[in-house]
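Contents: one structure, followed by commentary.
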Amino acid sequence: MCGIHGILQLDNRRVEPQWLSAMGNVTTHRGPDDEGQHIDGNCGIAMRRLSIIDLAGGHQPISNADDSLWIVCNGEIYNFRELRAELQAKGYAFKTGSDSEVLLHLYDAEGDDFVHRLNGMFDFALWDARRRRLLIGRDRLGVKPLYVMQDGARLAFATEAKALLALPGASAALNRNVVAGYLHLGYVAAPECIFQGIRKLPPATLLAVENGQVREWRYWRLPERIETGVSDRDWADRIRTQMEASVQMQMVSDVPIGAFLSGGVDSSAVVGFMARHTPHPVRTYSIGFEGGAAETLYNELPYARQVSQLFGTQHREIVVKPDVVGLLPRLLWHMDEPVSDTAFITTYLVSEFARQDVKVILSGVGGDELFGGYRRYLGGHYAAKFNRLPGWLRSLVAGAARQLPADRHSGALNMLRLAKGFIASAEMDADERYRSYLQVLSRATVAELLMQPQAGRDVLAEAFASAGRGDDHNRLFGVDCETQLPDDLLMLTDKMSMAVSLECRVPLLDHTLVELAAAIPGAQKMRDGELKCLMKMALADLLPRDILYRAKRGFGTPMGAWLKRELKPLLRQLLAPEVVARRGLFRQPMIDRLVADHEANRIDGTDALIALMNLEIWSRIYLDRHSHEDVAADLKRHLAEPVAA
């Protein structure tokens, strides 16, 4: 696990070592154990290493026997031992025990198709000196990020966007074309980036530069073939077998390893399977919040303790009232791009806590997408029930629903919020219904909010168009795998764990398990409105019923409640008229309305307000060029000021 970066001078100018060093210095947190670079005329590749496998011999870049091929790789290849044995049988000699060296020889043996043989999370850069060819790539699901900057003189790449800003002539500028999409979804979707002139390499994509030509192509997509005629029991058995195999495979490590444990189905299953494949107690880590009712709603520690006791783990937990004002600037610097999902705060805090003991952590990210765990997947189910009502009754209920309060940080009000959303979307077509659940702000609201119209991409429309013709649930699964999963959940998981030099693995997103889940008919994943019913069947003898069937709780923070209380001065300062006017992006009356509606519980505006606040903090760091420490200090000064009546 590390951070990789490099430069190919398209004008054939020699790459200077200090350019690579400057990029690496920005991402020291990704690889505090080692660094290295290789320069061959107009190409330079480099890395910062967090040593996980082959601690002594895994220095990168790694070359083949005649130094004609060189590679840097970020991530882990879980089937590297099997591939290594196969290559050795063909006569390849290995210099190290590193998984990264396998890629080098596999490329030599099979060309670009080698990537199909890999099981892992990765991004890599391979320099083929014989052909003067650079090949970079990213794993199938987009677990590891990779950014690209290209102009007439050079193509540069890096695991983090901020490393590209360290290059001569580079500077941070806002890509205004993505602001509308960011406010609509709460993240910037690939291939676009918040920085002008920088883009993300999409998941499952290779990019090659040879003879001055740049070629980019997709090497994997979620399979569209759905298997019918398989019984629930057979599906459950296949799920369990593959899930356990994925967890066991991803436990390979030469350093201490642990697991995040929320007490939900996904993390509990990962811990349960880990316990079956180690002679030592699994190290588990959980987080809770202290405070009032809103904090209690997000506190899952009792469930985590129950699972810990069941599997005899070496369990540690942390209860926090986080210094949000001090944290946000630092975390947004690490994130590279603003997001509205407050799970990035929780992920950082529990990662920092776990890093005291371990270098590698396993997470349950991905289970909800694969096996139907989100309430939004039930939209069609509830819409069908609602639309059976007489027209006059539907109109009456819809009118009443519009008046319901909404607040996700109260148990009762959160149920009303969900009901309000389901009823409002009941008569929409399936794609627009799903959009209404995913969006942070509607496209119409974003248009009202922006000072100037923007002709940005409609990311969800593109994802729906490419999602194939499978059943309704699997189409939604496909949309999530193209959008929110890589560009929100996996991005924040990578950035926040690597901010503290912790490698986070996601065994439920092993591509063989993903392909299995994609073949299951949606009606069997969620039968009669029951989320994850097949997964629960698969885990029935591993986890107790009260864990399998407990109410779902997101892995975020009670930020919406804090914005009405202790963080109210911060909200008002970041979205003050003079601040908004200086950026020149938004109409103040619309911001004021969002704030007022959130505070009055007319809407739950948590994500929208966080999106706006985080964009302003990000702008102060990257556009105004203030350090995140200075931004935090300035925000704390404002937080101490009294709020005007």
Side-chain angles (χ1 to χ4, degrees), residues 1-8 15 36-47 49 53-54 57-144 146 148 155-159 201-220 511:
M1 177 66 68
C2 58
I4 66 170
H5 48 278
I7 308 164
L8 180 65
V15 171
Q37 58 179 245
H38 171 70
I39 296 175
D40 180 4
N42 67 324
C43 180
I45 59 175
M47 55 76 69
R49 184 182 180 216
I53 293 174
D54 189 14
H59 175 80
Q60 296 186 43
I62 299 174
S63 66
N64 63 349
D66 64 2
D67 291 340
S68 62
L69 298 174
W70 291 81
I71 195 166
V72 288
C73 181
N74 166 38
E76 301 293 348
I77 309 302
Y78 301 119
N79 63 335
F80 80 97
R81 290 192 176 98
E82 297 89 338
L83 294 172
R84 179 189 177 97
E86 179 184 319
L87 289 163
Q88 286 175 322
K90 292 180 178 179
Y92 285 92
F94 283 75
K95 299 178 180 180
T96 73
S98 166
D99 58 335
S100 299
E101 190 177 358
V102 168
L103 277 69
L104 201 66
H105 300 309
L106 199 59
Y107 169 81
D108 187 63
E110 301 185 11
D112 295 346
D113 286 342
F114 85 96
V115 73
H116 296 289
R117 305 288 307 284
L118 305 179
N119 184 313
M121 57 177 192
F122 55 83
D123 52 39
F124 69 86
L126 191 151
W127 174 242
D128 186 336
R130 295 167 299 195
R131 297 171 59 178
R132 310 299 297 173
R133 180 181 193 250
L134 176 68
L135 179 70
I136 64 175
R138 192 174 174 201
D139 65 71
R140 294 172 180 82
L141 276 298
V143 182
K144 309 311 295 179
L146 193 61
V148 178
L155 183 145
F157 62 89
T159 307
L201 191 70
T205 298
L206 297 177
L207 184 153
V209 189
E210 187 175 14
N211 298 323
Q213 300 298 310
V214 179
R215 185 168 74 94
E216 185 175 317
W217 69 100
R218 185 81 175 250
Y219 66 84
W220 179 89
H511 77 273

Name all residues meeting the ring-ring contact (aromatic ring centres under 6.0 Å, His included) criterion together with [X]; count only those two or more places apart in sequence or in a different chain, and write none if there are none.
X: His38; answer: Trp70
X: Tyr78; answer: none
X: Phe157; answer: none

Can you find a heavy atom in the side chain of [X] that is under 4.5 Å from one in the side chain of [Y]?
X: Val115; Y: Leu206; result: yes
X: Cys73; Y: Met47; result: no
X: Gln37; Y: Ile45; result: no
X: Arg84; Y: Tyr92; result: no
X: Leu141; Y: Pro203; result: no

### Message
So, using salt bridge (Lys or Arg N to Asp or Glu O under 4.0 Å) as the criterion, who are the partners of Arg130 when residues are at least two apart?
### Response
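Checked Arg130 against salt bridge (Lys or Arg N to Asp or Glu O under 4.0 Å); matches are Asp108, Asp128.
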
### Query
Who are the salt bridge (Lys or Arg N to Asp or Glu O under 4.0 Å) partners of Glu86, not counting sequence neighbours?
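With neighbours one apart ignored, the set is Lys90, Arg117.
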
Taking only residues two or more places apart in sequence or in another chain, which ones pass side chain to side chain donor-acceptor pair (under 3.5 Å) with [X]?
X: Arg132; result: Asp40, Asn42
X: Gln88; result: none
X: Thr205; result: none
X: Asp112; result: Arg133

What pair of heavy atoms forms the shortest contact from [X] to [Y], and how long is it?
X: Cys43; Y: Trp127; result: SG-CE3, 3.4 Å
X: Ser98; Y: Ile62; result: OG-CD1, 3.9 Å
X: Leu155; Y: Leu134; result: CD2-CD2, 4.4 Å
X: Lys144; Y: Asn74; result: CE-ND2, 3.5 Å
X: Ile4; Y: Ala125; result: CD1-N, 4.0 Å
X: Glu101; Y: Ala93; result: OE2-O, 4.0 Å

Residues in side chain to side chain contact (heavy atoms under 4.5 Å, CB included) contact with [X], at least two apart in sequence or another chain:
X: Asn211; result: none
X: Ala65; result: none
X: Asn64; result: Asp66, Ser68, Leu69, Leu104, His105

### Task
Give, for atom CD1 of Ile77 and atom CG of Asp99, the distance between the pair rounded to the nearest 0.5 Å.
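Reported value, rounded in 0.5 Å steps: 6.0 Å.
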
### Task
Could you grab the distance from atom CZ of Arg140 to atom CE of Met121, nearest 0.5 Å is fine?
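Reported value, rounded in 0.5 Å steps: 14.0 Å.
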
### Query
So is Arg218 actually on top of Trp220's ring, under 6.0 Å and inside 45° of the axis?
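The answer is no, since Arg218 fails at least one limit relative to Trp220.
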
### Message
Given the ring of Phe122, does Arg138 sit roughly above its face, with NZ or CZ under 6.0 Å from the centre of the six-membered ring and within 45° of the axis?
### Response
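Ring-cation test returns no.
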
### Message
Does Leu201 form a side-chain contact (heavy atoms from CB on, under 4.5 Å) with Leu207? I'd like the steps, not just the answer.
### Response
CA-CA 8 Å; Leu201 191 70; Leu207 184 153; 4.1 Å; yes

### Message
One pair to check against side-chain contact (heavy atoms from CB on, under 4.5 Å): Asn119 and His511. What are the steps and the verdict?
### Response
CA-CA 7 Å; Asn119 184 313; His511 77 273; 3.9 Å; yes

### Query
What's the verdict on side-chain contact (heavy atoms from CB on, under 4.5 Å) for Leu87 and Leu106, showing C-alpha distance, side-chain angles and the deciding distance?
CA-CA 7 Å; Leu87 289 163; Leu106 199 59; 4.1 Å; yes

### Message
Evaluate Phe94 against Phe80 for ring-ring contact (aromatic ring centres under 6.0 Å, His included), listing each step before the verdict.
### Response
CA-CA 12 Å; Phe94 283 75; Phe80 80 97; 9.3 Å; no

### Task
Let me see the working for Ile136 and Val148 under side-chain contact (heavy atoms from CB on, under 4.5 Å), right down to the final yes or no.
CA-CA 10 Å; Ile136 64 175; Val148 178; 4.0 Å; yes

### Query
Is the shortest side-chain N to carboxylate O distance from Arg131 to Glu210 below 4.0 Å?
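Here Arg131 pairs with Glu210 in a salt bridge, since their nearest N and O are under 4.0 Å apart.
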
### Query
For the residue pair Phe124 and Phe114, is the inter-centroid distance of their aromatic rings smaller than 6.0 Å?
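Aromatic pair counts; centres sit under 6.0 Å.
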
